[in-house]
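Following: one structure in structure tokens, then a few remarks.
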Amino acid sequence: MKRIHPLPPPLVGQIAAGEVVERPASVVKELVENSLDAGAGRIEVTVESGGIALIRVRDDGHGIARDDLPLALSRHATSKIATLDDLLRVCTFGFRGEALASIAAVARVELVSRTAAEPCGWRLVVPGDGRSGDPIPIAHPVGTTVSVSDLFHNVPARRKFLRSERTEFGHIQTFLERLCLSRFEVAFRLRHNQRDVLQLPAAREERAWTRRVEALLGDEFVRQSLLIEFEQDGMRLWGWMGLPAVARRQADRQWWYVNGRPVRDKLLAHALRQGYRDVLPHDRQPAAVLYLELDPARVDVNAHPAKLEVRFRDPRTVRDFVARSLHRALGKARPGPRIPPPAYPPPAGPPAAAQVNEAIAFYETLRPAREPEAEREPEPEIPASSREVPPLGYAVAHLHGIYILAEAEDGLVIVDAHAAHERILYEKLKRQVQGGVPQCQPLLLPERVRLSPGEVELVRCHRRFLARLGVDLDVLGPETVVVRALPALLAQADPAALVKDLVSELRELDGSAEVESRIHERLATRACHSAVRAGQRLGREEMNALLRELERTERGSQCNHGRPTWVKLDFPALDRFFRRGR
């Protein structure tokens, strides 16, 4: 049997480095986070050969004093915490004091730094064995430059597992793009093989923040997103949440920041998904850039070796706050201008104005002539105090009994009548259920429904809950219940089918906190069956009533299954299609 023996220091360093330095992107992460902790206002990252040959990070932070340079490369030496209380309230990216030491154990490192109190900079070189000489003076501005070369040169087994240069650089770019949204006030520059890949100026006001988000996630995301802010119980949630129109098949556009730290957290991902309930299909993922701020003592950032995950002291409170805030924000979204406003002002000047006037004049000529009074339907009444056209405009036709065509002030609106009515019914049902006073419609002839003995017992136990939904049931026997009333909005539903659906959810989720949410889904399905059907012709007044109702309905832009209920083709879009103004 082998005897226990201490490991040699170089091997200890290489083993410890395995937790911190997984690939070149890990090195960039540690160095850039150190720059941010040093108060940098500008950070430049230079990479060669995907980071395998060289990674250089330069900042204009407060720098490292000459006598502290050797300590910076020592394991578990840091300026960021001193006591256990500091560890419980970490506000910096780094705090373990092992990043530079771990990097120096598997690569060649050169550290150059200068503080404002020193006349020159100081250079310290670690050739790759973890040992360094004395610092030597060198010209350098205030700040720090760290150069890391020949990564894993002394650990060939690790180096051969690296991917292609392009793949490794992709990881670096992805990380840096995420980090750029954690500190808007810092300017970032990324170069790869002598070519600028990313160059973002400092952003110190809201419009500049929006431009940075647009540069990283695209203008489509910014145009189709809501800028939100909610506060409750010492927590603040703000950021950009994409509308369902920019949902994706993958969750790759869900960027979370907790107290400024980029994280990947299952609890927050679940809360995000809950916030989009009722408006997204199950196979679509929301896109969002969201910032959660709370007391550092309420979150543990030391839950993961690479500090990519966090642990909340009260996870349920955080989850409920996030989900409720996002759900409320989507509910407040209504047809009209998107939030935030465009990051860049529209082009101005006589040519642009002339083109708009030409388009308006052209479309005016396409308006149908008024029909004789005896033959046409009455136009919708517009209040005398306000002649403004509503966001979804006024109906002009019901195309094939499916789509409502409406003339809005800025273009053409097309509404899926069935999807719109479905959402309207569902939201009314939810409001009645949540208010505890659903409007019931007694059945002319109560209907008996046969169930299993276990299902009848569930009905007996949950009878009050079902009554809150507007479903009035009585137990007649060990295998029979009778339906006496249904929600008024579902009066046309099949009573037996509705009851069996509800009971199946109660059986599957008995005692679960999700039961009410799943019951709502069942009601949504029944609302779908009760909504206006395709081919059902609507008159002008009925169509306009539907449009006005949709404008007032929460989450009215999507049906219960996450599909859009309406789309607008504005004049610029129509002009582009018909190539007008060229």
Side-chain angles (χ1 to χ4, degrees), residues 24-47 51 55-64 72 78-80 90-95 99-100 103 111-116 121 140-148 169 171-192 195-218 221-222 227 236 238-240 255-264 289-293 296 301 306-308 340 343:
S26 308
V27 175
V28 174
K29 174 183 183 298
E30 299 295 340
L31 298 183
V32 174
E33 288 181 348
N34 278 346
S35 295
L36 291 172
D37 287 341
R42 179 175 180 81
I43 299 174
E44 296 183 5
V45 181
T46 302
V47 176
I55 295 171
R56 178 177 293 120
V57 176
R58 183 169 187 166
D59 68 59
D60 62 352
H62 54 61
I64 305 172
T78 181
S79 62
K80 300 170 186 178
V90 172
C91 297
T92 53
F93 282 104
F95 49 86
L100 286 175
I103 294 169
L111 177 59
V112 183
S113 192
R114 176 190 169 191
T115 65
H140 193 273
V142 174
T144 303
T145 301
V146 183
S147 301
V148 178
F169 178 72
H171 286 288
I172 293 174
Q173 183 176 353
T174 298
F175 160 74
L176 203 59
E177 287 176 347
R178 284 179 178 261
L179 197 68
C180 286
L181 294 181
S182 71
R183 298 290 175 87
F184 286 100
E185 73 281 4
V186 178
F188 289 90
R189 184 184 185 188
L190 173 62
R191 289 176 58 82
H192 184 222
R195 183 176 64 88
D196 278 336
V197 177
L198 195 64
Q199 200 159 7
L200 298 173
R204 295 184 175 85
E205 46 90 20
E206 187 176 303
R207 288 178 66 85
W209 301 347
T210 302
R211 286 195 292 269
R212 180 171 287 195
V213 173
E214 183 181 59
L216 297 174
L217 279 79
F221 172 79
V222 171
L227 182 55
R236 177 174 178 248
W238 68 280
W240 291 261
W255 293 11
W256 274 103
Y257 300 84
V258 176
N259 289 344
R261 180 189 302 275
V263 298
R264 295 195 298 264
V289 177
L290 294 169
Y291 302 80
L292 178 64
E293 299 169 4
V301 300
K307 301 186 286 289
L308 295 174

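For this chain, numbers begin at 1 and follow the sequence in order.
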Please tell me if the side chains of Leu292 and Val263 come closer than 4.5 Å, counting only heavy atoms from C-beta onward. no
Should Leu179 and Pro262 count as side-chain neighbours, where that means a heavy-atom distance under 4.5 Å? yes
Does [Y] offer a backbone N or O that forms a donor-acceptor pair with the side chain of [X] under 3.5 Å?
| X | Y | value |
| --- | --- | --- |
| Asp60 | Gly41 | yes |
| Asp59 | Thr144 | yes |
| Tyr291 | Ser182 | no |
| Tyr257 | Arg178 | yes |

Hey, do the aromatic rings of Trp255 and Trp240 have their centres closer than 6.0 Å? no
Would you name the heavy atoms of [X] and [Y] that are closest together and state the gap between them?
| X | Y | answer |
| --- | --- | --- |
| Asn259 | Pro296 | ND2-CA, 4.0 Å |
| Leu216 | Cys180 | CD1-CB, 4.0 Å |
| Ile64 | Ala72 | CD1-CB, 4.3 Å |
| Arg42 | Glu44 | NE-OE2, 3.2 Å |
| Phe188 | Leu176 | CD2-CD1, 4.4 Å |
| Ser35 | Ile43 | CB-CD1, 3.7 Å |

Audit row: Val146, Leu100, side chain to side chain contact (heavy atoms under 4.5 Å, CB included) steps and yes/no: CA-CA 9 Å; Val146 183; Leu100 286 175; 4.3 Å; yes
I'd like to know if [X] and [Y] make a salt bridge, using a cut-off of under 4.0 Å between side-chain N and carboxylate O.
| X | Y | answer |
| --- | --- | --- |
| Glu33 | Arg183 | no |
| Asp196 | Arg189 | yes |
| Glu214 | Arg212 | no |

dist His192:NE2 -> Leu198:CG (nearest 0.5 Å) comes out at 13.5 Å
When rounded to the nearest 0.5 angstrom, what distance separates OG1 in Thr115 from NE2 in His62? 10.0 Å
Determine, step by step, whether Gln173 and Val197 satisfy the side chain to side chain contact (heavy atoms under 4.5 Å, CB included) criterion, reporting the C-alpha distance in whole Å, the side-chain angles of both residues, the deciding distance to 0.1 Å, and the verdict. CA-CA 8 Å; Gln173 183 176 353; Val197 177; 3.8 Å; yes
Please name all residues satisfying side chain to side chain contact (heavy atoms under 4.5 Å, CB included) with Arg58, sequence neighbours left out, ordered by chain then number. His140, Pro141, Thr145
Partners meeting side chain to side chain contact (heavy atoms under 4.5 Å, CB included) with Ala25 (sequence neighbours left out): Arg23, His171, Ile172
Between Phe169 and Leu190, is a side chain to side chain contact (heavy atoms under 4.5 Å, CB included) present by the stated rule, with each step listed? CA-CA 11 Å; Phe169 178 72; Leu190 173 62; 3.8 Å; yes
Say whether Arg191 and Thr46, considering side chains only, have a donor N or O and an acceptor N or O under 3.5 Å apart. no
With under 30° as parallel and over 60° as perpendicular, where do the rings of Trp238 and Phe184 fit, or are they tilted in between? tilted
Results of salt bridge (Lys or Arg N to Asp or Glu O under 4.0 Å) for Glu177 - residues two or more places apart only: none
I'd like to know whether Leu31 forms a side chain to side chain contact (heavy atoms under 4.5 Å, CB included) with Val45, so could you lay out the CA-CA distance, the side-chain angles of the two residues, the decisive distance to 0.1 Å, and finally the verdict. CA-CA 9 Å; Leu31 298 183; Val45 181; over 6 Å; no
